[in-house]
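Please read the structure below before turning to the comments.
The first residue in the sequence is number 1, and the count goes up from there.
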Amino acid sequence: MTHPIIFDTDPGVDDAQAIAIALAHPEIELLGMTTTYGNVDVSTATHNALLLAELADKSIPVAQGAAAPLVKPRHPAPAHIHGANGLGDIELPSLQGQAESRSAAQFIVDTINARPGEVSLVAVGPLGNLAAALQLDPTLVDKVKQVVVMGGSIREGGNVTPVAEANIFNDPHAAARVLTAGWPLVMVGLDVTHRCVLTPSHMARIEAGQGKLGQVLAGSYAFYRAFYQEMLGIDGCCPHDSCALAWLVKPELFTTHRGHLNVATEGEAEGQTIFAPENRGYIEPRWSQTPLADVCLGVDGDAVVEWITATLA
Ligand code: BDR
Ligand code: CA
């Protein structure tokens with residue numbers, strides 16, 4: 001089966017690897033990329049998305065989107081994790097192409113309406129573009145095939161606050177709209193991405209298999225890996241965004257649970273994702289009133305990392 005997708009992204013070192021997968025995997029048809037601020041500002045995200053496709057000799061539409069969160073002020077980009085240029089501060093080749101004139105949200109609306117029921121939205125950054133697309137065309141909830149979100153955390157705790165994952169924390173108001181919109185949605189969060197560790201030997205295989213793009217993936221990974229070594233004490237990194245594509249193509253590697261998602265939009269728990277399993281009674285019904293969604297809580301991490309590596313090697 002082939003999966004036509006729109007990839008919504010803030011590249012970003014782990015985004016870059018996921019983009020390489022979306023460009024390379026024979027079962028993924030990459031219809032376009034939409035960009036958002038997050039790991040970098042949005043113009044750098046757009047630059048990187050265009051450049052990564054060019055390095056793979058592919059011509060893919062890239063539409064620029066959200067430059068800031070819907071409500072709260074924008075946090076500074078995490079240059080200590082992804083580098084100021086989003087790709088580990090390595091020297092990059094120059095870019096030839098340019099972005100679409102359409103906005104990311106309009107691109108999402110047009111692309112899904114052109115093929116109702118067929119297109120999956122895979123979102124691996126803050127969720128402003130998806131929220132804006134829903135605002136433009138609420139009928140997307142019935143026309144998108146599925147929405148795969150890398151973001152959130154249920155049992156694992158957060159990576160930017162004690163309880164919040166970065167993509168959700170970056171725009172909790174957008175995340176609240178997207179995670180409760182009632183479209184077919186799966187959340188691929190830290191509960192599973194932290195079980196996947198891509199080691200230097202995996203990266204050596206990827207570098208060898210990806211030509212010019214492989215050099216950028218490996219060079220940026222070296223920077224990203226230093227952060228993981230310091231913060232989590234692991235020799236390797238968590239390929240968060242590639243896990244969303246692993247779920248798309250290999251859902252059997254994951255355990256999902258169905259239930260209701262809520263997002264805390266303010267206060268100490270800002271950006272926290274809250275999961276109420278289907279049919280579980282609580283003291284009040286308020287956590288169980290959002291539409292049902294699927295949440296990944298278990299994964300065969302070694303198999304996911306091997307799938308990523310084999311796809312790119
Ligand atoms: C997510 O945050 C970003 O920094 C990564 O690219 C990934 O999408 C992980 O929390
Ligand atoms: Ca990302």
Side-chain angles (χ1 to χ4, degrees), residues 4-12 15 19 30-50 60-75 77 98-116 118-152 165-187 241 244 261-266 270-271 273 290-291 293:
I5 68 165
I6 300 168
F7 195 69
D8 187 68
T9 177
D10 59 335
D15 301 71
I19 289 169
L30 182 58
L31 302 175
M33 292 189 265
T34 49
T35 59
T36 169
Y37 79 93
N39 293 326
V40 285
D41 64 76
V42 69
S43 57
T44 306
T46 303
H47 169 276
N48 291 351
L50 287 162
I60 303 288
V62 175
Q64 181 160 301
L70 292 186
V71 176
K72 71 183 209 176
R74 192 186 134 192
H75 253 263
Q98 57 180 35
E100 291 262 304
S101 54
R102 274 178 294 179
S103 70
Q106 191 64 55
F107 182 86
I108 290 170
V109 168
D110 293 348
T111 306
I112 292 175
N113 274 292
R115 295 173 69 171
E118 290 181 28
V119 179
S120 295
L121 260 174
V122 182
V124 301
L127 292 165
N129 291 337
L130 276 67
L134 275 175
Q135 186 82 6
L136 280 179
D137 183 357
T139 71
L140 291 183
V141 296
D142 300 314
K143 293 178 181 159
V144 72
K145 182 173 182 202
Q146 61 186 335
V147 181
V148 185
V149 171
M150 189 284 123
E165 181 280 329
N167 290 337
I168 306 299
F169 182 79
N170 269 329
D171 195 342
H173 297 86
R177 287 193 198 175
V178 170
L179 297 183
T180 66
W183 44 16
L185 180 135
V186 62
M187 188 185 111
D241 295 346
L261 281 169
N262 290 275
V263 181
T265 52
E266 50 198 43
E270 178 188 2
T273 44
T290 53

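At a threshold of 4.5 Å between non-hydrogen side-chain atoms, the residues Val122 and Asp8 do not count as touching. Residues Phe169 and Val263 are not in side-chain contact: their nearest non-hydrogen atoms beyond the backbone lie 4.5 Å or more apart. Side chains of Val62 and Glu100 form no contact here, defined as non-hydrogen atoms less than 4.5 Å apart. Annotation: side chain of Arg177 is in contact with side chain of Leu70 (closest heavy-atom distance under 4.5 Å). Side-chain contact between Arg102 and Asp110: present, with at least one pair of heavy atoms (C-beta onward) separated by less than 4.5 Å.
Interatomic distance, Leu31 CG to Thr111 OG1, rounded to the nearest 0.5 Å: 6.5 Å. To the nearest 0.5 angstrom, Phe7 atom CZ is 5.5 Å from Ile19 atom CD1. Of the inter-residue distances, the one linking Met187 atom CE with Ile168 atom CD1 reads 7.0 Å to the nearest 0.5 angstrom.
With Asn129 contributing its side chain and Ala104 its backbone, the two residues share no donor-acceptor pair below 3.5 Å. Looking at Asp15, its side chain never comes within 3.5 Å of a backbone N or O of Thr9 through a donor-acceptor pair. Although no hydrogens or angles enter the test, the distance criterion places a donor-acceptor pair under 3.5 Å between the side chain of Thr290 and the main chain of Leu261. A donor-acceptor pair under 3.5 Å is absent between the side-chain atoms of Asp241 and the main chain of Met150, judged by distance alone. Although no hydrogens or angles enter the test, the distance criterion places no donor-acceptor pair under 3.5 Å between the side chain of Asn170 and the main chain of Pro126.
Legend: side chain to side chain donor-acceptor pair (under 3.5 Å) pairs involving residues 138-147, not counting sequence neighbours, sorted by first then second residue: Asn113-Lys143, Ser120-Gln146, Asp137-Thr139, Thr139-Lys143.
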Side chain to side chain contact (heavy atoms under 4.5 Å, CB included) assessment of Asp10 paired with Asn167: CA-CA 10 Å; Asp10 59 335; Asn167 290 337; 4.3 Å; yes
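Residues Gln64 and Thr35 have side chains that never bring a donor and an acceptor to within less than 3.5 angstrom of each other.
Between Glu266 and Lys72 no salt bridge is recorded (no basic side-chain N to carboxylate O distance below 4.0 Å).
The residue from Ile6, Val144, Ile5 that alone fulfils the side chain to side chain contact (heavy atoms under 4.5 Å, CB included) condition with Val119 is Ile6. Only one option out of Asn48, Leu50, Thr44 pairs with Thr46 in a side chain to side chain contact (heavy atoms under 4.5 Å, CB included); it is Leu50.
Across every non-hydrogen atom of Thr34 and Phe107, the tightest pair is CG2-CD2, 3.8 Å.
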